[in-house]
Amino acid sequence: MKMTGAEAIVKCLEEQGVEVIFGFPGGVIIDLFDELEKSSVTNVLVRHEQAAVHAADAYGRVKGEVGVALVTSGPGATNTVTGIASAYCDSIPMVVFTGQVPTGLIGNDAFQEVDIVGITRPCTKHNYLVKDPNELVSIIREAFYIARTGRPGPVLIDLPKDVVISKVNFPEPTPVKMQTYRPTYEPHPGQIAKACKEILKAKRPVLYIGGGVIASDSNEELTELATKLNIPTTMTLMGLGGFPGTHKLSMGMLGMHGTYFANMAVSKCDLLIAVGSRFDDRVTGKIADFAPHAKIIHIDIDPTSISKNVKVDIPIVADCKYALTAMNRWLDVQKDFNGKEQEEKLGPWLDEINDWKRKHPLGYVEEGDIIKPQFVVQKLHEMTNGEAIISTEVGQNQMWAAQFYHFNNPRHFLTSGGLGVMGYGFPAAIGAQMAAPDKTVIDIAGDGSIQMNIQELATSRQYKCPVKIAILNNGYLGMVRQWQELFYDKRYAGTDLSVGPDFVKLAEAYGAVGLRATKVSEVEPVIKEALATDNTVIMDFVIAREEGVYPMVPAGKATTEMLLS
Amino acid sequence: MKHTISVLLQNKPGVLSRVTGLFSGRGFNIESLSVAETLDVGVSCLTLVTRGPDEIIEQITKQLHKLIDVIKVVDVGDSEFVEREMALIRVKAESHTRAEVLRIIDIFRGKVVDVSPKSYAVEITGPRSKIKAVIDILKPIGIQEIVRTGTIAMARAKKS
Ligand SMILES: Cc1ncc(C[n+]2csc(CCOP(=O)(O)OP(=O)(O)O)c2C)c(N)n1
Ligand SMILES: [Mg+2]
């Protein structure tokens, strides 16, 4: 069957179950937008290509599917790079289509030509320039397959204009089989047995879980393992929601702004079970002092993550879901395993952790009328029953969200973890709302970050997304200011944002709703009104200007060297 | 430690830059690199020589394997192997040194591939160490130009 390239692309999208894409057009890609308009696929017209990619990222995360973005050549393509790099760091499944000048012009410095395949090579899982129209369909199928399998990630497809308008074949779909790409899903049974035996021997085990648990939808298997064995569990930023944050075994987040008890537990544990996490420097601090007494078990689908930063004793290359299931089943058939005994054995360890919890809980100091950001996040948690989808910007706002909104469910916390992109949160919230129209979606934002993609207020309004933005407005690039306060003698070079927009008026200018709280008593009414409003809302919380995020492990220090206030 | 790694990859545009980009992006070093197609024109064989502690070499091989276009990665040094490199060397050869140059080349089983009144271009093949030895000996006579291939390597067949 012959059809145009554009028709074939749209047919491929439908075949992949794509319902929503995020796009921004331009000269070389008009044909494809034209074709999309006739199809069942909704194009969400963003106001900046970076936002398209972040929105696709969040859409994919919330739905557990591949997010899709579509942009034009040249500047359209280069504007996607930050979003792609963020998705790559966070292992988010995504396909990005970029327009390209006609094949005959490639390499001639044509108008709006860039080598986007070259530019994105180091920040995509894979990428393609489609030169032969007859490869178009198979490339798209392969791209979706690569994006969603193994360790997920973004894949880019560059589409020269002539390919989009030429006549192409549309072969019947067959399962994608690649000679050179075969991720390992099943764990090695020997390694599973070894790991389980080690776990049963441990007196002070800790589960340290990351985004892999979310990506593989293995939160239930993980919770089963943790509760069966009574193992205290800590989450990375990307792992929040992979284990219920309000569970008694939860120690919250670990690392640079992790809880005191999580960091202490890791430093004192005799066995660290890493599941879908990758020993990032924000987690480990000074590597030599990270979990110094522990044997390490590491489950990850990506072999390059294993023993990259920290030497692992028992590596398990597998999908977390398969590995955790295998461990649970192995334990089920152990005749001499007794849950009661296990609980007793770990009793002293849990007592020690609970002691740390009592001594140094997460907290903050109230200051009369002045709004504390932690209080705002606590209120948001309380007033949404902990069930909202929360996206964040980057900086203090992100850390307060991670610390004080205790996520019980996976795919409810959206943040640019690995790359730390300011400007991620708002487009992500729009993507999330498109994926889950009935959910409350809140972007916990900073006054700096929100301005990086504030133009998306128009998108949010156009597609009737009742997204709520909670700006923790400190008039600073707060996280950088905090470093300056602590390590640069309070020289606040380049971090003062005291000249900012009036966010309430700004919201109104876009036809959204703007609300402001300047004292503690106004916080609850503002949140209440926002949650009751069926429109995009900015809540401008004017907070204590110089509030810090604590605990804090200074960069390069051991995670036990925490500043507590 | 020096390692010779052999990589089979799909013969497609951009594949080589995926490999070299991996090395530059992650700060791995490449001492030499050579690529050519195999019997199957769709598949290239790339041989690269790198140096580093075992953990880094392990990362390198895993990272190479992770590239979608890579079919197979073998650290050739894990078993017995033969390696070869070729050099074309233009060496000064004036009346009083012409005979000596020929003698040296002969000892190393090299070949003269181009002759001019004042120089010889010679071809030398062998393991890296041999190429180095020839260069060291010819240097005092006067080397005008050198072009070298990267190392290529092949595991020896099992002996039984
Ligand atoms: C695009 C981008 N530029 C710069 C940074 C460095 N950076 C990290 S946090 C931060 C401050 C963010 O300020 P704001 O959004 O007001 O958040 P706050 O820390 O005050 O909550 C900056 C500049 C970044 N992460 N991303
Ligand atoms: Mg700020």
Side-chain angles (χ1 to χ4, degrees), chain A residues 85 88-89 91 103 106-107 115-132 135 139 142-143 145-147 149-158 176-184 278-279 287 298 300-312 315 317, chain B residues 1 3 5-30 33 35-48 50-75 78:
Chain A
Y88 184 62
C89 291
S91 310
T103 42
I106 290 178
D115 174 12
I116 196 63
V117 168
I119 290 173
T120 58
R121 209 168 270 137
C123 61
T124 49
K125 184 170 173 187
H126 198 54
N127 60 16
Y128 301 87
L129 167 63
V130 186
K131 279 191 167 157
D132 177 354
E135 287 185 352
I139 284 178
E142 203 171 279
Y145 174 73
I146 291 173
T149 53
R151 178 178 179 176
V155 179
L156 181 140
I157 305 176
D158 203 17
V176 178
K177 264 219 177 99
M178 295 175 66
Q179 185 202 1
T180 62
Y181 169 71
R182 266 169 291 176
T184 309
R278 60 184 176 89
F279 298 83
I287 282 275
H298 189 183
D300 205 292
I301 197 159
D302 178 3
T304 68
S305 285
I306 293 178
S307 288
K308 179 173 64 183
N309 303 337
V310 170
K311 180 103 191 65
V312 168
V317 177
Chain B
M1 249 282 274
H3 286 256
I5 297 171
S6 162
V7 187
L8 286 184
L9 23 89
Q10 300 209 305
N11 190 359
K12 286 190 195 159
V15 177
L16 189 58
S17 78
R18 287 185 204 281
V19 173
T20 52
L22 176 74
F23 276 72
S24 57
R26 293 192 179 265
F28 303 145
N29 92 321
I30 302 184
L33 181 145
V35 211
E37 68 187 34
T38 60
L39 270 186
D40 178 349
V41 290
V43 176
S44 306
C45 179
L46 179 152
T47 311
L48 63 85
T50 181
R51 221 171 258 281
D54 288 350
E55 313 86 74
I56 299 290
I57 301 296
E58 186 185 325
Q59 258 301 305
I60 291 178
T61 48
K62 284 189 199 166
Q63 291 284 359
L64 281 169
H65 202 81
K66 188 169 156 182
L67 294 176
I68 304 281
D69 288 327
V70 166
I71 301 164
K72 196 173 166 194
V73 182
V74 184
D75 189 341
D78 285 348

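Just so it is clear: chains get the letters A, B, ... in the order the sequence lines come, proteins before strands, and each one is counted from 1. Computed over heavy atoms, backbone and side chain alike; hydrogens, waters and symmetry mates excluded.
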Query - Atom of A/Ile306, atom of B/Lys62 and distance for their closest heavy-atom approach - result: O-NZ, 2.8 Å
**Report entry** B/Gln10/A/Gln179 under side chain to side chain contact (heavy atoms under 4.5 Å, CB included): CA gap, chis, key distance, verdict
**Finding:** CA-CA 10 Å; B/Gln10 300 209 305; A/Gln179 185 202 1; 4.1 Å; yes
Query raised in the report: Does atom NZ of B/Lys66 have more than 12 heavy-atom neighbours from other groups under 6.0 Å away?
Result: yes
Report summary line: In this structure, CZ of A/Arg121 is separated from CG of B/Leu67 (nearest 0.5 Å) by 10.5 Å
Query raised in the report: At a heavy-atom separation under 4.5 Å, does B/Gln63 approach chain A through its side chain, its backbone, both, or neither?
Result: both
Report summary line: Whatever's closer than 4.5 Å to a heavy atom in chain B on A/Asn127 counts as both
Query - Heavy-atom contact with chain B under 4.5 Å, split by part of A/Ile146 - result: side chain
Query raised in the report: If you count heavy-atom pairs under 4.5 Å between each of B/Glu58, B/Gln59, B/Arg18, B/Lys72 and chain A, which one has the most?
Result: B/Arg18
Query raised in the report: Which value, rounded to the nearest 0.5 Å, describes the distance between A/Met178 atom CE and B/Ile68 atom CD1?
Result: 5.5 Å
Report task. Under 4.5 Å heavy-atom distance to chain B, tell me which part of A/Pro303 shows up: side chain, backbone, both or neither. Result -> both
Query raised in the report: Does the pair A/Thr304 and B/His65 meet the rule for a side chain to side chain contact (heavy atoms under 4.5 Å, CB included), with working shown?
Result: CA-CA 9 Å; A/Thr304 68; B/His65 202 81; over 6 Å; no
Report summary line: Note: vs chain A, highest number of non-hydrogen pairs under 4.5 angstrom among B/Gly25, B/Gly21, B/Gly14 is B/Gly14
